[in-house]
Number of protein chains: 2
Amino acid sequence: MNRNDSCIIRHFSHYCALSDDDKALLCELEDSPQDVKSGDVLWKENDHASEFCTVSRGWAYSYRNLGDGSRQILEVFLPGDIIGLREFAFSQRLAGVSMIDDGVICHFPHRRLLDIFRQSTTLTAVLFAISSRQQSLLTERLVNLARRTAHQKLAHFLYEMYVRLDQTGAAGEGKFRLPLSQEQLADTLGLSAVHVSRTFSAFREEGLVLRERHKVTLPDPQALAQVAEFDACYLNDSVRPIFLENDNAAMRPPNGVSASAVKS
Amino acid sequence: MNRNDSCIIRHFSHYCALSDDDKALLCELEDSPQDVKSGDVLWKENDHASEFCTVSRGWAYSYRNLGDGSRQILEVFLPGDIIGLREFAFSQRLAGVSMIDDGVICHFPHRRLLDIFRQSTTLTAVLFAISSRQQSLLTERLVNLARRTAHQKLAHFLYEMYVRLDQTGAAGEGKFRLPLSQEQLADTLGLSAVHVSRTFSAFREEGLVLRERHKVTLPDPQALAQVAEFDACYLNDSVRPIFLENDNAAMRPPNGVSASAVKS
DNA sequence: GCGCTGTATTAACTTGAGTTATCGGCGTTT
DNA sequence: AAACGCCGATAACTCAAGTTAATACAGCGC
């Protein structure tokens with residue numbers, strides 16, 4: 001994997017500057033890329049867990065199947081994301097993972113994380129930061145699922161995807177590609193597919209969201225953020241420089257990509 | 001803080017054996033204990049974040065206030081838990097934290113975590129494991145909130161608390177103390193307080209749960225687990241020995257406390 | 001062209017949980 | 001012991017979202 005088009009290095013670099021040694025360590029996480037097709041299952045719940053994956057291309061999601069046949073999608077992974085961090089403490093998978101899209105996935109064993117812990121405090125801190133950021137995405141989704149209406153849930157999800165894609169340059173001008181079906185959206189938002197359709201229809205009439213096939217257009221992203229009571233704090237993902245051993249300028253303001261926030 | 005009654009050391013020891021150096025490092029996290037009263041706010045959303053807390057005694061919870069005046073409780077912390085891990089990557093608090101109970105709290109700065117990263121791979125791995133375990137609790141709550149009925153939500157929460165308390169010896173024979181009000185339960189489960197009351201009444205009639213004041217009795221814990229479709233995988237919290245540098249017996253089965261699982 | 005399958009739309013009906021309101025019990029204060 | 005406030009129980013009513021079902025439409029293989 002070429003150091004300059006490694007998604008992982010790009011992703012880690014959002015958090016802080018990396019030394020060449022650090023980059024070399026990270027590169028090893030993108031050995032053995034594997035082509036995968038839309039719908040492919042990377043692993044199922046309760047499978048033995050001994051490796052992580054990085055997404056090089058394509059989208060993936062993690063999910064839980066429930067007793068009554070329904071399904072809950074937990075996370076949506078984009079290129080550069082690490083899958084399976086949550087299972088570090090477990091020997092079994094707690095959630096299945098499946099591809100939304102065709103893509104490229106790289107595997108690396110849990111052990112490799114220990115090597116990183118031993119060899120680079122900087123990367124350890126960044127990994128910890130990435131893990132806490134994933135957790136904050138989860139927390140935000142939890143609040144969303146527990147306390148908001150269907151309109152707000154969908155608005156929030158769409159705006160969150162818009163911001164995340166915008167941070168990686170994959171969205172612009174209120175337009176982006178969203179390869180999820182309405183059923184997958186429903187499973188993400190804890191709604192029925194029928195109600196997702198109804199909600200899209202309502203948004204279309206209000207001129208808030210236009211969706212055709214897998215293209216979404218937000219004529220007025222800020223208006224959508226208002227509906228969702230969106231507060232982008234949880235997406236601001238720079239590690240404060242004070243944490244990094246080779247950085248003496250304590251409390252220098254972060255210079256990473258910052259999401260445009262709408263405070264409610 | 002005496003090494004033998006440190007909650008933190010007890011908590012970390014669940015994951016793996018610790019060297020004396022490791023214990024000394026951990027002890028420093030329980031400097032400066034502070035007495036706190038029920039209802040005390042440790043911090044609010046958007047406060048500046050630069051320290052973690054450990055709970056020595058008492059219960060605490062993290063919460064988010066929403067635009068419409070409602071509130072979502074995210075996590076319930078018990079003695080031995082670390083509060084604020086999620087905010088490692090952020091300079092602001094993403095959630096408020098407040099005491100349920102009178103208790104004792106110890107503060108330590110974010111920096112201290114970096115010291116640990118530098119000085120002990122074992123503790124780094126355990127911290128990572130603790131963080132992933134917290135995340136798995138959150139995930140489970142998310143599934144619960146998104147996809148289950150009020151009966152299942154409450155049953156699941158009660159049974160989860162029962163297992164967690166049992167692991168620390170604070171529950172036995174299907175009885176435990178639950179210092180949360182019905183309103184706090186409602187805010188945890190994304191329900192109204194009225195409906196929590198209704199659900200308790202139903203459980204009482206079915207003989208599933210008896211609650212008076214802050215004492216809960218589960219006449220038949222397994223029956224409750226059935227109702228909740230409870231799968232205790234996510235609570236089994238031993239770090240597999242393969243991860244620990246000073247452990248050569250790879251794949252030795254974990255010997256930690258294990259929750260009695262009910263597979264659906 | 002045809003039929004197949006998966007995906008989306010819309011309508012009619014049902015239901016689980018929210019809302020509002022009233023009332024009783026218990027603990028605390030004065 | 002009277003007064004207050006908090007918490008919990010129950011009932012009546014409302015409403016958001018689920019369910020079922022009918023229909024449409026696109027992509028795909030043949």
Side-chain angles (χ1 to χ4, degrees), chain A residues 37-39 66 68-73 98-102 144-158 177-206 209-216 227-228, chain B residues 37-39 66-73 98 100-102 144-158 177-206 209-217 227:
Chain A
K37 292 245 163 288
S38 170
L66 276 82
D68 62 355
S70 70
R71 180 177 75 152
Q72 178 61 38
I73 291 180
S98 181
M99 295 303 295
I100 291 172
D101 243 344
D102 296 353
N144 215 18
L145 290 180
R147 287 289 174 198
R148 304 213 239 240
T149 65
H151 280 235
Q152 290 181 303
K153 288 180 193 184
L154 184 55
H156 193 278
F157 180 81
L158 291 173
R177 198 178 70 93
L178 185 77
L180 294 141
S181 68
Q182 291 192 354
E183 193 180 352
Q184 287 169 326
L185 286 168
D187 287 344
T188 306
L189 299 173
L191 297 170
S192 65
V194 173
H195 204 63
V196 169
S197 176
R198 282 196 279 252
T199 309
F200 268 120
S201 300
F203 282 168
R204 192 179 344 105
E205 283 182 25
E206 298 166 45
V209 179
L210 306 173
R211 173 177 189 268
E212 38 185 326
R213 304 244 111 276
H214 288 156
K215 283 283 184 201
V216 171
V227 168
Chain B
K37 291 244 163 289
S38 169
L66 278 83
D68 62 355
S70 70
R71 180 177 76 150
Q72 179 61 38
I73 292 180
S98 182
I100 292 172
D101 242 345
D102 296 352
N144 215 18
L145 291 180
R147 287 288 174 199
R148 303 213 239 239
T149 65
H151 279 234
Q152 290 181 304
K153 287 181 194 184
L154 184 56
H156 193 278
F157 180 80
L158 291 173
R177 199 178 68 94
L178 185 77
L180 293 139
S181 68
Q182 291 192 352
E183 192 179 353
Q184 288 168 327
L185 287 168
D187 287 344
T188 306
L189 300 174
L191 298 170
S192 65
V194 174
H195 205 63
V196 169
S197 176
R198 281 196 280 251
T199 309
F200 268 120
S201 299
F203 282 168
R204 193 182 340 107
E205 284 183 25
E206 298 166 44
V209 179
L210 306 173
R211 175 178 189 268
E212 37 185 329
R213 306 241 110 273
H214 287 156
K215 284 284 184 198
V216 172
T217 308
V227 168

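Keep in mind it's a predicted model, so treat the numbers as computed, not measured. Order of the sequence lines sets the chain letters (A, B, ...), proteins ahead of strands, with each chain counted from 1.
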Salt bridge (charged side-chain N to carboxylate O under 4.0 Å, His left out) against Arg177(B), all qualifying residues, sequence neighbours excluded: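 By the salt bridge (charged side-chain N to carboxylate O under 4.0 Å, His left out) rule, Arg177(B) matches Asp101(B).
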Sugar-phosphate, base or nothing in reach of Ser197(A), heavy atoms under 4.0 Å: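 Base, at least one base atom sits under 4.0 Å.
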Presence of Arg213(B) side-chain N/O under 4.0 Å of dC7(D) phosphate oxygens OP1/OP2: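 No, Arg213(B) has no side-chain N/O under 4.0 Å of OP1/OP2 on dC7(D).
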N/O (side chain, Gln182(B)) to phosphate O (OP1/OP2, dA9(D)) under 4.0 Å: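 Result: yes.
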Residue from Ser181(B), Pro179(B), Ser38(B) passing side chain to side chain contact (heavy atoms under 4.5 Å, CB included) with Ile100(B):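 Between Ile100(B) and the candidates, side chain to side chain contact (heavy atoms under 4.5 Å, CB included) is satisfied uniquely by Pro179(B).
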Single hit among Thr188(B), Leu189(B), Val209(B), Val227(B) for side chain to side chain contact (heavy atoms under 4.5 Å, CB included) with Leu154(B):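 Only one of Thr188(B), Leu189(B), Val209(B), Val227(B) forms a side chain to side chain contact (heavy atoms under 4.5 Å, CB included) with Leu154(B), namely Leu189(B).
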Euclidean distance, atom [atom1] of residue [X] to atom [atom2] of [N] [Å, nearest integer]:
{"X": "His214(B)", "N": "dC6(D)", "atom1": "NE2", "atom2": "P", "result": "15 Å"}
{"X": "Glu183(A)", "N": "dG18(D)", "atom1": "CD", "atom2": "C1'", "result": "15 Å"}
{"X": "Phe203(B)", "N": "dG8(D)", "atom1": "CZ", "atom2": "C1'", "result": "17 Å"}

Taking the side chain as everything from C-beta on, heavy atoms only, tell me whether [X] gets closer than 4.5 Å to [Y].
{"X": "Lys153(B)", "Y": "His195(B)", "value": "no"}
{"X": "Leu210(A)", "Y": "Arg204(A)", "value": "yes"}
{"X": "Asn144(A)", "Y": "Gln72(B)", "value": "no"}
{"X": "Leu178(A)", "Y": "His214(A)", "value": "no"}

Bounds of contact between DNA chain C and chain B, in 5' to 3' order, using a heavy-atom cut-off under 4.0 Å: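 From 5' to 3', the first and last contacting nucleotides are dA17(C) to dT20(C).
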Asp68(B)/Arg148(A) ion pair, N-O < 4.0 Å: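 The answer is no: the pair does not qualify as a salt bridge.
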Contact state string [nucleotides 11-17 of chain D, B base, S sugar-phosphate only, - no protein heavy atom under 4.0 Å]: BB----B
